[in-house]
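Presented below is the structure to which this report refers.
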Amino acid sequence: MIVKELEEYSGKNPKEKAGHCAEKDMAFFLEQKYYKDKKVLVFNSLKFEWLDTHTQIDHLLVHPYGLIIIEDKSVTSKIKYNRLG
């Protein structure tokens, strides 16, 4: 189940735009796999702030077997799922 959709990118920085395109590709693949799965929660582009520090998680999956954090730069190969999804 997709809990938080990926936000649109509105900046002009080419490097940031390329990073966002990689995140968008991964968000698409995760949605295709988990959009009906109520056991797996997908959060895209989570942003955190603590004191004067900012950080971001590209994709967080909350799975019955634990948490998966995906930090993507680009996807150049196939994504495979094991028998547990």
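- Rounded to the nearest 0.5 Å, atoms CD (E16) and OG (S10) are 10.0 Å apart.
- If you take OH on Y34 and NE2 on H63, they are separated by 5.0 Å, rounding to the nearest 0.5 Å.
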Problem set entry | Verdict with supporting geometry, V42 and E31, side chain to side chain contact (heavy atoms under 4.5 Å, CB included) | CA-CA 8 Å; V42 178; E31 183 174 356; over 6 Å; no

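- Within the structure, salt bridge (Lys or Arg N to Asp or Glu O under 4.0 Å) pairs that include any residue of residues 57-70 do not occur (at least two apart or interchain).
- Side-chain contact between I69 and H59 is absent, with no heavy atoms from C-beta onward closer than 4.5 Å.
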For this session: Would you please test L30 and L61 for side chain to side chain contact (heavy atoms under 4.5 Å, CB included) and show each step?
Result: CA-CA 9 Å; L30 294 173; L61 281 67; 4.0 Å; yes

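- Judged by distance alone, with hydrogens and angles left aside, the side-chain atoms of N44 form a donor-acceptor pair with the main-chain N or O of K4 at under 3.5 Å.
- Residues F28 and Q32 are in side-chain contact: their nearest non-hydrogen atoms beyond the backbone lie under 4.5 Å apart.
- The hydrophobic cluster containing V40 also contains I2, counting ILVMFWY residues as joined when their side-chain heavy atoms lie under 4.5 angstrom apart, directly or transitively.
- A salt bridge between K47 and E7 is present, with a side-chain N of the basic residue lying under 4.0 Å from a carboxylate O of the acidic one.
- Hydrophobic clustering, with ILVMFWY side chains joined whenever heavy atoms are under 4.5 angstrom apart, keeps Y35 apart from V62.
- In plain terms, the two heavy atoms of K38 and L41 that are nearest each other are O-CD2, 4.4 Å.
- When all heavy atoms of V3 and F43 are compared, the pair lying nearest together is CG1-CE2, 3.2 Å.
- Note: H20 NE2 to D72 CG = 10.5 Å, rounded to the nearest 0.5 Å.
- Between the CD1 atom in I57 and the CD atom in E71 there is a gap of 9.0 Å [rounded to 0.5 Å].
- Rounding to the nearest 0.5 Å gives a distance of 9.5 Å between CZ of F48 and CD of Q56.
- Taking NZ of K36 as the start and NZ of K39 as the end, the distance is 15.5 Å to the nearest 0.5 Å.
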